[in-house]
Amino acid sequence: MKYNQYAYVKTDYQTEVKELQQIKFLPANYEKLSFAELLAELTANAVAVVDPNDASARKAKLAEFAVSETQTLKQFLEGNPVKILSHQFYNVALQLLGYHVGYDYQLADPLKFMKKQVVPYIADIKDKHALIRAFYRLLNTRAKNGQLLIDVMAGEGYFYNRKNQFTKNKFLFFNGKSMPVFDTSKIIREVVYVESDLDTDGDGKSDLLQTTIFRPVESENMPVPALYTASPYFGGIIDNEKRNHNVDENLSDATEWENPQYQAATIVKAQKPNNDTVSYKPVEQAVGKSSYGLNEYMLARGFASVFAGAIGTRGSDGLRITGAPEETESAKEIIEWLHGDRIAYTDRSRQHETKATWCNKKIGMTGRSYLGTLQIAIATTGVAGLKTVISEAAISSWYDYYREHGLVIAPEECQGEDLDMLAETCQSNLWDAGDYLKIKPKFDAMQKILLDKADRKTGQYSDFWEKRNYRHHTNNIKCSWISVHGLNDWNVKPKNVYKIWQKVKNLPVEHHLFLHQGPHYNMNNLVSIDFTDLMNLWLVHELLGLENNAYQQWPTVLVQDNLKADNWHEEEDWSNDSEKETVYFPADDNELSKDTSSEKKVSFTDVGGTEFKKAKISENDWQYQFICGNKKWAQASLRFTTDEFIHPVTIVGRPEIRMRVASSLNRGQISVALVEISDRKRLTATPRILMPGGQELGFHFQLDSLQEFMPDKLTHAKLITKSHMNLQNYADMKKPSSIKVGEFYDLQFKLQPTYYTMPVGSKLCLIIYSTDQGMTKRPLENTTYTIDLSETAIKFSIK
């Protein structure tokens, strides 16, 4: 598998020389050294475990490397060469990169392996100029463990062994990225209490928000940027999975909907920070641990890591109000403190103010899922100091997380969860008995409000959900933007990133989008892309102001291929607009055709969750059997399949279906899925760990693991995308209407967005069904649905 490298910044020779000298790799007297002496010096420097002042030990190490099948590097140098052939140099280079002779590559032809792996190389190393260039590129090449060689060297002590040669309290850059020269053995770990403008627990006092900081000791003498992760999980989570809501119930008449309203919490203005007051040192030491790998990686490179759960979490006052404006406000207030615009205290007594004097007032945000969601929420406030977000697997509208087209729809593997249950999961201040006594009655009251207003009976959109739609406020965004999302994420479904992307791409801010093949997952350490290096480049530009070509370095949109994980598609956009549109019609004999549709009316009977409960299988097992056409499950659906594709076709954006349907009841739910049918080995659902703990994030610091989606066992089918709709929203997605038994209604709705390549020999299958055991309610009564095929079609964009 090739190691794509998008973060390498092309530089001129003079810059390369300057940077190599800045990191103490190229000796100041390099021009006076012979070719052989320079080759020996640079190779020994790359062996980071060697004491840079021990000449004999450095020389002895050269015997461990081979330049050919018959000669070691030490023997080669004894001949005082004036040049080195490419295959000789790259035999040594591959060994430095962690590859093993005889297992990974052969000494007789290292370039064959390099070409296959797309490892960069210089063809002709005939003089010292070329040698320096070759080493510069080598240090900026991804090693076998996925990290740049310079980062591998750092993890082995390169910068630590030379710490007295570098200026203290100063960032060190190489190829536009920050180097791990900060002392990770002396990280400052402290807790402060930010005062909110909110009183969500109604005690008449403004809520205090516990905030945990991990920062380099060097920040005592120099300002550093902050990476803030707004994590409601940071204080711990309450396991309430067994108390999720029952979904085995009949659908309700949605016209019972009453448009529940959002109700704001009490505002109690916090004190303003006083610029003349002394800043006291925090008195509490952090006991929690940083929970995000990218933060740890950047902490070793001089970026402080800040975590806060905000209202309702352990150490903080208040109540969790999932997705509400109060949640956004409280999370935003941490940035206001970091920027110098809000007061914080050393402890809960509110006696001594503490200031973020160590922060350069430039803040970036990181995190996945709920953590990424709060990035979107905060960015839409336009808060001062927030310079960039790196939002992964994030919710942009809470309705699109827990509802869809007028139906209650669960996130994958979370059947029965809702806003109230997530609030309970994150209400970790209940763990402290003193807070429990104070908070529990108010928490119980808020739980009832959340459950009632979320309206699990009808599933309709309302003012309550409207206030939880961040996309309405995108015009306030002032920071640069990076979104990361899995194309197979059925927890935070892809519509969340697709819809916010359609807004952000038109704003006057720098923006990028990454779409990987995972489910609800992050992509920091995938083999196929140097994401961490890209984020290093990005954050250095955004938070330290270094001109390093970050804005032009990689395409606006990068999409991981679903057939070959190391193939990333470079796109200008992700939408339906620029692609070719195609339409398929369900035809006779269960065919899906580009010709006109059938005139038939066909029916299927949905049995809700009855058979599923009897089967006692998991929701994931049900889905796989269902899309494969297992007779037991397929009978409660209609399936239409194309002929085999004779050339690859990529489906892009949001497919849209129209259909005419009638129900045997005065209510109903329709589900639609697009599935690829073919017997082949597909990529693993989640990345396979290839090197557990194989990546050092700093010297004697945290570890991460190299991983990637890999070809797996043979499977028969793969879900591409799906969607669900309430029949009672046929006229208006935001308002239900009555329907009559047996009467036909025209539906038109969009499926979840995708970017999916149909391989040669595969078939596309359209499935029309009702109950989705893993996502929809599972009715206890049978319902017969009749589809008028003459008024049914699905269209989508292809490339």
Side-chain angles (χ1 to χ4, degrees), residues 194 196-198 200 209 226-232 262 264-265 267 306 308-311 320-339 341-342 362-403 419 422 461-485 492-514 538 542-543 574:
V194 175
S196 173
D197 284 340
L198 299 168
T200 57
L209 311 173
L227 293 183
Y228 167 40
T229 302
S231 174
Y262 157 74
I267 300 294
V306 179
I311 48 174
R320 294 306 301 171
I321 315 174
T322 311
E326 289 86 351
E327 186 177 70
T328 300
E329 175 64 23
S330 67
K332 171 187 69 105
E333 289 169 337
I334 311 304
I335 293 179
E336 291 175 337
W337 172 69
L338 291 168
H339 193 251
D341 305 324
R342 180 166 291 275
K362 294 182 179 181
I363 299 99
M365 292 192 71
T366 61
R368 177 178 62 87
S369 192
Y370 208 158
L371 291 60
T373 299
L374 288 170
Q375 293 182 54
I376 294 178
I378 294 169
T380 59
T381 69
V383 61
L386 180 59
K387 298 300 181 183
T388 193
V389 298
I390 304 171
S391 176
E392 302 185 58
I395 299 165
S396 62
S397 166
W398 283 90
Y399 188 85
D400 288 342
Y401 185 64
Y402 285 124
R403 305 288 185 270
L419 288 171
L422 184 56
Y461 198 75
S462 64
D463 179 73
F464 177 83
W465 291 105
E466 175 82 357
K467 294 300 189 294
R468 289 164 165 79
N469 187 341
Y470 308 127
R471 299 192 294 260
H472 293 319
H473 311 293
T474 52
N475 287 339
N476 295 328
I477 294 172
K478 297 180 176 66
C479 62
S480 60
W481 192 276
I482 291 177
S483 280
V484 179
H485 214 96
V492 178
K493 292 172 276 294
K495 179 163 66 171
N496 281 278
V497 69
Y498 182 88
K499 281 194 165 186
I500 194 93
W501 176 252
Q502 307 312 314
K503 301 270 191 178
V504 169
K505 70 183 184 184
N506 295 316
L507 297 176
V509 299
E510 292 296 325
H511 50 273
H512 287 277
L513 172 64
F514 294 88
W538 184 261
E542 297 299 86
L543 305 185
W574 183 41

Enquirer: Please round to the nearest 0.5 Å and tell me the distance separating atom OH of Tyr228 and atom CG of Leu374.
Expert: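 Here the interatomic distance stands at 7.0 Å.
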
Enquirer: What's the separation between atom CG in Leu227 and atom CD1 in Ile390, rounded to the nearest 0.5 Å?
Expert: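 Taking CG in Leu227 and CD1 in Ile390, the distance rounds to 7.0 Å.
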
Enquirer: Would you check if Tyr401 and Thr373 make a side-chain contact, meaning some heavy-atom pair closer than 4.5 Å?
Expert: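 No; the side chains remain at least 4.5 Å from each other.
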
Enquirer: Just to verify, what does Arg403 make a salt bridge (Lys or Arg N to Asp or Glu O under 4.0 Å) with, not counting sequence neighbours?
Expert: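 Arg403 satisfies salt bridge (Lys or Arg N to Asp or Glu O under 4.0 Å) with Asp418 once adjacent residues are dropped.
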
Enquirer: Side chains of Thr322 and Trp398: is there a donor and an acceptor less than 3.5 Å apart?
Expert: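 Per modelled atom types, Thr322 and Trp398 side chains form no pair under 3.5 Å.
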
Enquirer: With a 4.5 Å heavy-atom cut-off, do Lys503 and Tyr470 have their side chains touching?
Expert: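 Answer no - side chains too far apart.
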
Enquirer: Side chains of Val389 and Ile482: does their closest heavy-atom pair fall under 4.5 Å?
Expert: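 The answer is no, as the side chains (C-beta and beyond) never meet within the 4.5 Å cut-off.
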
Enquirer: Mind checking whether Glu327 and Tyr370 have side chains closer than 4.5 Å, heavy atoms only?
Expert: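 Touching, per the 4.5 Å side-chain cut-off.
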
Enquirer: Within this structure, what is the CG-CD1 distance for the pair Leu386 and Ile334, rounded to the nearest 0.5 Å?
Expert: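 These two atoms lie 13.0 Å from each other.
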
Enquirer: Is a salt bridge present between Lys387 and Glu542, judged by a nitrogen-to-oxygen distance below 4.0 Å?
Expert: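 No, no charged N to carboxylate O under 4.0 Å.
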
Enquirer: When rounded to the nearest 0.5 angstrom, what is the spacing between CZ in Arg342 and CD1 in Ile335?
Expert: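 Taking CZ in Arg342 and CD1 in Ile335, the distance rounds to 11.5 Å.
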
Enquirer: Among Lys493, Arg471, Arg468, exactly one meets side chain to side chain donor-acceptor pair (under 3.5 Å) together with Asp400. Which residue is that?
Expert: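 The passing option is Arg471.
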
Enquirer: Looking at side-chain heavy atoms only, is the closest gap between Leu371 and Thr366 below 4.5 Å?
Expert: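 Not in contact.
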
Enquirer: Any side-chain heavy-atom pair from Glu329 and Ile311 closer than 4.5 angstrom?
Expert: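 They are not in side-chain contact.
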
Enquirer: Once rounded to the nearest 0.5 Å, what's the spacing between atom CD of Glu333 and atom CG of Asp341?
Expert: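 That separation rounds to 11.5 Å.
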
Enquirer: Indicate the atoms forming the closest heavy-atom contact of Thr474 with Leu507, along with that distance.
Expert: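 Looking at all heavy atoms of both residues, the closest pair is O-CD1, 3.3 Å.
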
Enquirer: Hey, are the side chains of Trp337 and Leu209 touching, using non-hydrogen atoms and a 4.5 Å cut-off?
Expert: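 They are not in side-chain contact.
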
Enquirer: For a 4.5 angstrom cut-off between non-hydrogen side-chain atoms, does Ser196 reach Val194?
Expert: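 A side-chain contact under 4.5 Å is absent here.
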
Enquirer: Might you point out which heavy atoms bring Ser480 and Thr388 nearest each other, and give the distance in Å?
Expert: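 Minimum heavy-atom separation between Ser480 and Thr388: OG-OG1, 2.7 Å.
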
Enquirer: Between Gln502 and Trp574 (side chain of the first, backbone of the second, donor and acceptor by atom type, cut-off under 3.5 Å), is there such a pair?
Expert: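 Judged by distance alone, yes, a pair lies under 3.5 Å.
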
Enquirer: Does atom NZ of Lys478 have more than 12 heavy-atom neighbours, drawn from other residues, nucleotides or ligands, at distances under 6.0 Å?
Expert: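 Counting neighbours around NZ of Lys478, more than 12 heavy atoms of other residues, nucleotides or ligands fall under 6.0 Å, so yes.
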
Enquirer: Go through the structure and list residues passing side chain to side chain contact (heavy atoms under 4.5 Å, CB included) with His511, not counting sequence neighbours.
Expert: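 Only Trp481, Trp501, Val504, Lys505, Thr556 meet the side chain to side chain contact (heavy atoms under 4.5 Å, CB included) criterion with His511.
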
Enquirer: Looking only at heavy atoms, what is the nearest atom pair of Ser396 and Ile500, with distance?
Expert: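 Nearest heavy atoms, Ser396 then Ile500: CB-CB, 3.9 Å.
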
Enquirer: Looking at CG of Asn475 and CG of Asn506, how far apart are the two atoms once the value is rounded to the nearest 0.5 Å?
Expert: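 One gets 10.0 Å once the value is rounded to the nearest 0.5 Å.
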
